[in-house]
Amino acid sequence: MMTIHKTMGEKMARLEAIEEGCWIALTDPTEAELAQVAQELEVEPDFLRAALDEEETSRIDTEEGQTLIIVDTPAMETGKSPVAYFTLPLGIIVTERCIVTVTLRESPVLQNFAEGRVRGVSTGKRTRFILHILLQVAKQYLQYLKQIDKLYNHMERQLYKSQRNRELIQLLDLEKSLVYFNTSLKANEVTLEKILRGRIVTLYEEDHDLLEDVLIEVRQAIEMAQIYSSIISGMMDAFASVISNNLNVIMKVLTSITILLTVPNIVFSFYGMNVAGLPLDQFWWFPLTLSVALIALIGVLLKKKDLF
């Protein structure tokens, strides 16, 4: 899908055709849309297709007056329980006429721009518009990290009441998401530092402060991802040990019960085989009394050894 936007005054308007100073948003584009943009803007086809590879890493490249910036953006899969988080590449192509963004899926970051929910942006100021996109990407990471923290706290409470593996598996999914976030954020940080040098993207004086804000947000997100990952990893190890210990306690109790139930079986087996010379074998109540006495004695011994 291809949509064209341009700021007019303080509002983001949608256009029907490509104009000077517009923003072209390509979301899972068709070959026809890619060919149209490549022809009208004389954009390198490889630049347009770079962000369509899910394994593409964050980087910055320039060729023949065109600049390609790829950053990893956070995304979530709402069809799973709990929500699964991952990252997807976002390609930003800067040409002499306009800006082109390419993504595989709809991004909440770009939707906010398209719907005019981000104030103070202008598609005509290309460098500043790119920095605003990068700032919103960093804020999106922070928002998802806060959601992960809330999910973790909820699962932690569930683990105190559960001895099943489901909660541990859910924590493993969250830890995997944090690994994706941490790796992508570090790659984004490297790309932003290259932009900060001003060799590839021309930065004006007012852009430096905005870019530094973006770097602060990214570094904060990296720190949060690392802290949450360490907490979840330690909690998983602790609760895995608790679950294993609970299983050992249950097995210990069941073993003790088995021993106690074996005593009357042995006693009544001897007295039921008509073995001569057994003490008080003429009294039917003696085997029962003997079994009860032995069970009580063994039970006391097991209790003293903390086995029951």
Enclosure of Q147 CD (heavy-atom neighbours >12, cutoff 6.0 Å): yes
Tell me which donor-acceptor pairs under 3.5 Å the side chains of residues 122-135 have, and how far apart each pair is, sequence neighbours excluded?
residue: S122; atom: OG; partner: T7; partner atom: OG1; Å: 3.4
residue: S122; atom: OG; partner: G124; partner atom: N; Å: 3.3
residue: T123; atom: OG1; partner: T7; partner atom: N; Å: 3.2
residue: T123; atom: OG1; partner: T7; partner atom: OG1; Å: 3.4
residue: T123; atom: OG1; partner: G21; partner atom: O; Å: 2.8
residue: R126; atom: NH1; partner: T95; partner atom: O; Å: 2.2
residue: R126; atom: NH1; partner: E96; partner atom: O; Å: 3.3
residue: T127; atom: OG1; partner: T202; partner atom: O; Å: 3.2
residue: R128; atom: NH1; partner: E206; partner atom: O; Å: 3.3
residue: R128; atom: NH1; partner: D207; partner atom: OD1; Å: 3.3

Side chain to side chain contact (heavy atoms under 4.5 Å, CB included) evaluation trace for I24 with L41: CA-CA 11 Å; I24 304 171; L41 299 178; 3.5 Å; yes
Same cluster (ILVMFWY, side-chain, under 4.5 Å), M224 and F86: no
Stepwise side chain to side chain contact (heavy atoms under 4.5 Å, CB included) test for Q66 and V43: CA-CA 7 Å; Q66 300 170 357; V43 178; 4.1 Å; yes
Residue pair F47 / D61, side-chain heavy-atom distance below 4.5 Å: yes
Least distance between heavy atoms, I70 atom then G91 atom: CG1-CA, 4.3 Å
Donor-acceptor contact present, side-chain S229 to main-chain A225, <3.5 Å: no
Qualifying residue, where the test is side-chain hydrogen bond (donor to acceptor under 3.5 Å, both in side chains) with R49 and the options are E56, E44, E31: E31
Within-4.5 Å side-chain heavy-atom neighbours: L145 and P74: no
Connected via hydrophobic side-chain network under 4.5 Å: V179 and I148: no
Nearest atoms (heavy-atom pairs only) where E175 meets S233: OE2-CB, 3.2 Å
Crowding at CD, E193 (>12 non-hydrogen neighbours, <6.0 Å): yes
Check: R117 and Q136 side chains under 4.5 Å, non-hydrogen atoms: no
Co-membership, hydrophobic cluster, residues F113 and L15, 4.5 Å side-chain: no
Nearest-0.5 Å distance, CZ of residue R97 to CD1 of residue I18: 6.5 Å
Heavy atoms from other residues, nucleotides or ligands near CD of E223 exceed 12 (cutoff 6.0 Å): no
Salt-bridge contact E77-R105 (side-chain N to carboxylate O under 4.0 Å): yes
CD on Q36 to OG1 on T30, rounded to 0.5 Å: 9.0 Å
Carboxylate-amine/guanidinium proximity below 4.0 Å for E189 and R219: yes
Closest contact, heavy atoms only, D72 versus S58: OD2-N, 4.1 Å
Separation of I222 CD1 from L215 CG (nearest 0.5 Å): 9.0 Å
Taking every non-hydrogen atom, the tightest pair across M2 and V37: SD-CG2, 3.6 Å
Pairwise distance CG(L26) to CG(L104) - rounded to 0.5 angstrom: 11.5 Å
N/O donor-acceptor pair under 3.5 Å between K6 side chain and E20 backbone: yes
Common cluster, V109/L142, ILVMFWY with side-chain heavy-atom separation under 4.5 Å: yes
From OG1 (T262) to CD1 (I257), nearest 0.5 Å: 11.5 Å
L48/I93 under side chain to side chain contact (heavy atoms under 4.5 Å, CB included): CA gap, chis, key distance, verdict: CA-CA 8 Å; L48 292 173; I93 304 167; 3.5 Å; yes
Exam field: side chain T73 to backbone L88, donor-acceptor pair closer than 3.5 Å: yes
Evaluation steps, side chain to side chain contact (heavy atoms under 4.5 Å, CB included), between L34 and L52: CA-CA 11 Å; L34 292 174; L52 299 179; 4.1 Å; yes
Validation row: V190, K194 side chains within 4.5 angstrom (heavy atoms): yes
Heavy-atom neighbours of Y180 OH exceed 12 at 6.0 Å: no
Non-hydrogen atoms of P89 and A51 that approach each other most closely: CG-O, 3.4 Å
Reported OG1-to-CG distance for the pair T57 and N188, which is rounded to 0.5 angstrom: 10.0 Å
Single-linkage hydrophobic cluster, 4.5 Å side-chain cutoff, M8 and I4 together: yes
Atom of W23, atom of T101 and distance for their closest heavy-atom approach: NE1-OG1, 3.0 Å
Within 6.0 angstrom of Q39 CD, more than 12 heavy atoms from elsewhere: no
Y141/F181 aromatic ring centres below 6.0 Å: yes
